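Read the structure below first, then the notes.
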Amino acid sequence: MPSYTAPTKDIQFILHNVLNVSRADIPGYGELDAEFTGAVLEEAGKLASEVLLPLNTVGDTEGCTLESGVVRTPTGFKAAFDQMREGGWTALDLPEAYGGQNMPYLLGTAVGEMFSGANQAFTMYQGLTHGAASAILAHGTDAQKTTYLPKMFSCEWTGTMNLTEPHCGTDLGLMRTKAEPQDDGSHAITGQKIFISSGEHDMADNIIHLVLAKIPGGPDGIKGVSLFIVPKFLVNEDDSLGDRNGVTCSKIEKKMGIHGNATCVMDYDGATGWLLGEEHKGMRAMFTMMNEARIGVGMQGLAQAEIAYQNALEYAKDRLQGRAVTGAENPDGPADPLIVHPDIRRSLMDQKSFVEGGRAFLLWSALLIDRSHRGGDEAAEGLISLMTPVVKGFLTDQGYDMTVLAQQVYGGHGYIEETGMSQYTRDARIAMIYEGANGVQALDLVGRKLAQDSGKHILAFFDMVKNFCKDNADADGMAEFVEPLKAASKDLQAAGMFFMQNGVENPNAALAGSYDFMHLFGHVCLGLMWARMAKAAQTALDDGTGDAAFHETKLMTARFYMQRRLPATGMHLARIQSGPETVMGLSADQF
């Protein structure tokens, strides 16, 4: 059976040596000393490895079943969900006013990585609820907040987001679901939604669906979309549950992965719903949930790469196969372990350098969200808006690739279900698709985010990298990290300049290079994170504090990323600068 050890030590290093969270000028961060965060992470890690991990294979093999409109979750899921609720983990970073613990989003993200790494399908039930609650918190009336949030925070009631329909996915302006106004101020919702994660299950008393629909007579296309709260059971004035609403699950999808999560077809037949936010402003309200979800999905890609890497590493240390070319390293055995071979080392270093760099990038992004939401910092808001498609697209693309590399370490055994490695690859694959497929993330990045606010946010990022390089140019031992970062940043700037010079006259010149730009940007972000981690590790070594072997390992891994991974920015730049001609050259009937 696969194993999982929560990466608490690495998270602590990022929080306290790299981000210096307890000294950050963000409300609530002063309480985040190493002892406090360590205690929270330790308990979350135990829950992940002792409760959630054993159910990961169960969820994958059993899946969910639909019986007379009710979805039965895999064996043990409900008991684990009860344990999650009882521990207060479902509302770790949500406001106290409705029953949350009001800890920073940063800490919730760190804990969320552990839970997703141990059992992604299970963790989605509470993750979707968190997002739906955040949308109600941001856009709901006081009465809506009072009615729904306390029980959603505790996950006595769970939540969903309903966007996709059989004929429309990304192009939501094509949706047909209707919301007919009623005399009591509610709306009758009629239509079908598909691919609804956690749409129906047996672990909560009620499910609060957030549903996009069109009010008749509204504007055409996306401008006519509104968002509605549609509970599975209607809620009485005394907060007790009333009649069953006109919403049912007619099917659960048979999927490549995340079998333990119910992906449902939801039918709305005159279901009672209440407007959330303003009429015809549904996408604004839904994007509150979707942007949070995109950070969470990036975290899922990272989390699957982490658990896959952990198991590949253990296998490479234990599996005896061949001899080291420089001489036997296990002379008393019939062969040497796999880890002696350079190509296995290359694969493991690719995985290790991505996981640790990606974790730093994810947690830094979560800090920006806290700086924006808790501190009202508009610059942080602009920067995380720019970064969101990179977090989602780059971490899920690369995360999936790393699960494939981990599977490859096992050879043929990685293709056999009993080792568990294929599940990580299958579960990671969806993260590249949902909450906006990664190609759409790249289009959003290049088509909207780069030019947002006259480009000041991408310029702020360039200044951040430039200032780091300038401040550390003469620091002992930092040149080997600063120079590659500087070169990669210049590649990113050159790509942006190419878009500026060519994109207005020929939009395809920008959009044909958008996917490469997203990855180029992601590598620069991880390069910046690795440079920061190298500095923190070198400082700890110079000061003689902490675990010297841990910090020396950090430095070596940082060198690997700078020398073996970061040069990919040159490849992506060359693709971008080649223009759109070869991409767009064939007519449709020539394919």
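One is the number of the first residue; the rest follow in order along the sequence. Note that this is a predicted model, so its numbers are computed, not measured.
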Under the side chain to side chain contact (heavy atoms under 4.5 Å, CB included) criterion, do I430 and Q120 qualify, and how do the steps go? CA-CA 11 Å; I430 185 57; Q120 177 175 323; 4.0 Å; yes
Within a strict 4.5 Å, meaning less than it, do heavy atoms of the E180 and T190 side chains meet? no
Just checking F499 against F517, ring centres under 6.0 Å apart? yes
Atom of T396, atom of G298 and distance for their closest heavy-atom approach: CG2-CA, 3.9 Å
For H209 and Y268, take the angle between the two ring planes, folded into 0 to 90°, and tell me which bin it lands in: parallel under 30, tilted 30 to 60, perpendicular over 60. perpendicular
Considering only heavy atoms from C-beta outward, does the side chain of L210 approach that of I136 to under 4.5 Å? yes
Smallest heavy-atom separation, Q300 atom then S116 atom, equals CG-OG, 4.0 Å
From the options L386, T388, L383, select the one residue that forms a side-chain contact (heavy atoms from CB on, under 4.5 Å) with L368. L383
Would the distance check show the side chain of N261 and the main-chain N or O of S198 forming a donor-acceptor pair, the cut-off being under 3.5 Å? yes
Got more than 12 heavy atoms from elsewhere within 6.0 Å of CG, D184? yes
Within the distance-only criterion (no hydrogens, no angle test), does the side chain of D377 pair as donor or acceptor with the backbone N or O of A380 below 3.5 angstrom? yes
Residues L106, L363; criterion side chain to side chain contact (heavy atoms under 4.5 Å, CB included); working and verdict: CA-CA 6 Å; L106 172 69; L363 295 178; 3.9 Å; yes
Taking everything shown except D269 itself, do over 12 heavy atoms lie less than 6.0 Å from its CG? no
Identify the heavy atoms of A271 and V230 that sit nearest to each other, and give their distance. CB-CG1, 3.8 Å
Nearest-0.5 Å distance, OG of residue S226 to CZ of residue R284: 13.0 Å
Determine whether V235 and Y148 satisfy the following criterion, side chain to side chain contact (heavy atoms under 4.5 Å, CB included), listing intermediate values before the conclusion. CA-CA 9 Å; V235 182; Y148 297 107; 4.2 Å; yes
Ring centers of H187, F228 separated by less than 6.0 Å: yes
If you count the non-hydrogen atoms of other residues, nucleotides and ligands that lie under 6.0 Å from CD in E67, is the total more than 12? yes
Would you call K151 and D239 a salt bridge, taking side-chain N to carboxylate O under 4.0 Å as the test? no
With a 4.5 Å cut-off on side-chain heavy atoms, are M402 and L405 touching? yes
Tell me which one of K254, K255, E253 satisfies side-chain hydrogen bond (donor to acceptor under 3.5 Å, both in side chains) with T263. K255
Are the side chains of K214 and V225 in touch, meaning some heavy atoms are under 4.5 Å apart? yes
Treating K392 as the side-chain partner and V297 as the backbone partner, does any N or O pair qualify as donor plus acceptor under 3.5 Å? no
Indicate yes or no for a side-chain donor-acceptor contact from Q398 to the backbone of G301 under 3.5 Å, with no hydrogens or angles considered. no
Where do E292 and S134 land on the side chain to side chain donor-acceptor pair (under 3.5 Å) test, with the steps shown first? CA-CA 9 Å; E292 175 182 309; S134 295; 2.8 Å; yes
Would you check if K193 and L163 make a side-chain contact, meaning some heavy-atom pair closer than 4.5 Å? no
Side chains of Q441 and F394: does their closest heavy-atom pair fall under 4.5 Å? no
Look at E417 together with R426 and state whether they make a salt bridge at an N to O cut-off of under 4.0 Å. yes
How about M584: does its CE atom have over 12 heavy atoms from other parts shown lying under 6.0 Å from it? no
Donor-acceptor contact present, side-chain T403 to main-chain Y400, <3.5 Å: yes
Neighbour count above 12 (heavy atom, 6.0 Å) for R244 CZ: yes
Are any side-chain N or O atoms of Q590 and backbone N or O atoms of S587, one a donor and one an acceptor, separated by less than 3.5 Å? yes
Give a yes or no answer on whether the side chain of E62 reaches the backbone of T75 with a donor-acceptor pair at less than 3.5 Å. yes
Using the rule given for ring-ring contact (aromatic ring centres under 6.0 Å, His included), can you reason through F521 versus H572, listing the C-alpha separation, both sets of side-chain angles and the distance that settles it, and then say yes or no? CA-CA 10 Å; F521 202 164; H572 290 300; over 10 Å; no
Taking everything shown except F461 itself, do over 12 heavy atoms lie less than 6.0 Å from its CZ? yes
Spacing of I207 atom CD1 and E200 atom CD [to the nearest 0.5 Å]: 4.5 Å
Got more than 12 heavy atoms from elsewhere within 6.0 Å of CE, M497? no
Is a side-chain N or O of R85 found less than 3.5 angstrom from the main chain of T90, in a donor-acceptor match? no
Non-hydrogen side-chain atoms of F354 and D401 separated by less than 4.5 Å: no
Can you tell me how far the CZ atom of R575 sits from the CG atom of L573, to the nearest 0.5 Å? 11.5 Å
Contact summary for A303 and G117, nearest pair of heavy atoms: CB-N, 3.5 Å
Check whether any side-chain heavy atom of L107 sits under 4.5 Å from a side-chain heavy atom of D93, and report yes or no. no
State the OG1-CZ distance between T109 and R359, to the nearest 0.5 angstrom. 12.5 Å
Nearest heavy atoms of P389 and D444, plus distance in Å: CG-OD2, 3.9 Å
What distance do M152 atom CE and K145 atom NZ have between them, rounded to the nearest 0.5 Å? 13.5 Å
Is it the case that D202 and T73 place a side-chain donor and acceptor less than 3.5 Å from each other? yes
Point-to-point distance, once rounded to the nearest 0.5 Å, from CG of L302 to CD1 of I307: 12.0 Å
Smallest separation among heavy atoms of N508 and P580, with atom names: O-CB, 3.5 Å
Evaluate M283 against K223 for side chain to side chain contact (heavy atoms under 4.5 Å, CB included), listing each step before the verdict. CA-CA 8 Å; M283 289 310 298; K223 293 182 179 179; over 6 Å; no
Would you confirm whether N245, through its side chain, and P231, through its main-chain N or O, come within 3.5 Å as a donor-acceptor pair? yes
Is it true that a side-chain atom of S186 and a backbone atom of Q182 form a donor plus acceptor pair closer than 3.5 Å? no
Which of F77, Y125, W157 passes ring-ring contact (aromatic ring centres under 6.0 Å, His included) with H201? It is Y125
Answer yes when E165 and R176 have at least one side-chain N-carboxylate O distance shorter than 4.0 Å, and no when they do not. no
